[in-house]
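Structure record follows, encoded as structure tokens.
Note that the structure is predicted; figures quoted are calculated from it, not measured.
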Amino acid sequence: MQASKQIFTNEDFSEQDLQDAQFEHCEFHHCSFNHADLTDASFSHCKFVVQGEDEGCDFSYATLVSASFKHCNLSMSLFKGARCYGIEMRECNLQGCDFSRASFANYITAKSYFCSAYITACNLAYADLHSALLEECELFDNRWRGANLIGASMKGSDLSGGEFSSEQWGAFELKGCNLTRIEFEGLDLRRVPLEGVIINQWQQEQLLAPLGVIITAD
């Protein structure tokens with residue numbers, strides 16, 4: 001399926017096979033993709049929410065394996081229980097999206113898995129990502145302020161250039177992450193494990209100042 005510059009209103013794509021579908025500059029008003037197969041589908045410059053409304057489209061339990069969203073407005077959309085392994089979201093508005101129980105992991109056994117997601121330069125403010133597994137993923141230049149990251153694991157991921165609020169530090173796992181270009185507002189080294197993280201030299205002062213350590217120039 002291919003579509004360009006079309007407006008879909010109250011369209012029900014539920015349980016449809018939309019593998020490899022391509023949409024460009026389309027608008028989706030009150031549409032449902034519930035349980036749809038969107039494997040390798042691509043959306044570019046699309047809108048999934050009506051301006052002024054507080055409810056987006058429904059992707060609950062959809063298969064979004066290797067699906068691509070670029071320059072899209074997906075704010076307030078539902079991704080509950082969706083299969084998101086290998087998903088690509090670049091420069092998208094994901095404000096208020098619900099990713100509860102969404103899976104970014106491919107399980108080999110019940111306890112063995114690996115993750116894949118490419119979510120970059122996106123607005124994730126107030127999104128629900130609690131308990132999400134986003135380990136060793138590309139997650140740079142995102143705005144995370146206000147997002148629910150409680151219990152999430154982002155171990156080994158590239159979080160560089162991200163914006164976080166002070167209350168989020170310690171709520172999620174970030175060992176081994178790339179944390180360069182991040183302002184560490186409110187991060188307390190005494191309660192947030194930072195084993196293996198990568199930081200810039202200028203960030204040392206921010207991290208050590210709350211401990212009373214003063215860094216001088218060489």
Hey, can you tell me if Phe13 and Phe8 have their rings parallel, tilted or perpendicular (30° and 60° cut-offs)?
perpendicular
Check Glu11, Glu55, Glu53 against His30 for a side chain to side chain donor-acceptor pair (under 3.5 Å) and give me the one that passes.
Glu53
Give me the atom names and distance for the closest heavy-atom approach of Leu38 to Ala67.
O-CB, 3.6 Å
Under 3.5 Å, is there a donor-acceptor pair linking the side chains of Ser103 and Arg83?
no
Could you check whether Phe28 and Phe59 have their ring centres less than 6.0 Å apart?
no
Using only heavy-atom distances, determine whether the side chains of Gln95 and Ser75 contain a donor-acceptor pair under 3.5 Å.
no
If you measure from CD on Glu15 to OG1 on Thr63, what distance do you get to the nearest 0.5 Å?
11.0 Å
At what distance, to the nearest 0.5 angstrom, does CG of Asp20 lie from CE of Met1?
13.5 Å
Can you name the nearest heavy-atom pair linking Thr39 to Asp37, along with the distance?
OG1-OD1, 2.6 Å
So do the side chains of Trp144 and Leu139 get within less than 4.5 Å of each other, counting heavy atoms only?
yes
Side chain to side chain, Gln203 and Phe184, heavy atoms closer than 4.5 Å:
yes
Trp169 side chain vs Leu189 backbone, donor-acceptor pair below 3.5 Å
no
Give the minimum heavy-atom separation between Phe48 and Ser77, together with the two atoms involved.
CB-OG, 4.1 Å
Are Asn178 and Phe140 side-chain neighbours, meaning at least one heavy-atom pair lies under 4.5 Å?
no
Between Asp40 and Gln19, is any side-chain donor less than 3.5 angstrom from a side-chain acceptor?
no
Side-chain contact, heavy-atom cut-off 4.5 Å: Leu133 with Phe104?
no
Give, for atom NZ of Lys80 and atom SG of Cys97, the distance between the pair rounded to the nearest 0.5 Å.
12.5 Å
Close side-chain approach of Val192 to Leu174, heavy-atom, < 4.5 Å:
yes
Flag side-chain contact, heavy atom, 4.5 Å: Leu18 against Phe33:
yes
Which of parallel (below 30°), tilted (30 to 60°) and perpendicular (above 60°) describes Phe79 and Phe69?
perpendicular
Expected output: side-chain Asp58 to main-chain Ser60 donor-acceptor under 3.5 Å
yes
Would you say Ser100 and Asp98 are linked by a side-chain donor-acceptor pair, where the criterion is simply a distance under 3.5 Å?
yes
For the pair Ser153 and Glu173, evaluate side-chain hydrogen bond (donor to acceptor under 3.5 Å, both in side chains) and give the outcome as yes or no after the intermediate values.
CA-CA 5 Å; Ser153 178; Glu173 181 66 68; 5.8 Å; no
Give the minimum heavy-atom separation between Cys26 and Lys5, together with the two atoms involved.
SG-N, 3.8 Å
Sort out for me which residue in Glu24, His45, Met89, Arg90 forms a side-chain contact (heavy atoms from CB on, under 4.5 Å) with Lys70.
Arg90
Can you tell me how far apart CD (Glu27) and CG (Asn73) are? Round to the nearest 0.5 Å.
10.0 Å
Is the shortest distance from a Lys or Arg side-chain nitrogen in Arg181 or Asp141 to a carboxylate oxygen in the other one below 4.0 Å?
yes
Are Ile119 and Leu124 close enough that some pair of their side-chain heavy atoms sits under 4.5 Å apart?
yes
Closest heavy-atom pair and its distance - Ser166, Gly186:
CB-CA, 3.8 Å
Less than 4.5 Å apart, side chain to side chain, heavy atoms only: is that true for Leu194 and Leu179?
yes
Counting only heavy atoms not in Glu195 (residues, nucleotides, ligands), do more than 12 fall under 6.0 Å from its CD?
yes
Could you tell me whether a side-chain N or O of Ser165 sits under 3.5 Å from a main-chain N or O of Gln168, the two making a donor and an acceptor?
no
Point-to-point distance, once rounded to the nearest 0.5 Å, from SG of Cys137 to CG of Leu159
9.5 Å
Working to the nearest 0.5 angstrom, can you tell me the gap between Thr180 OG1 and Ile199 CD1?
9.5 Å
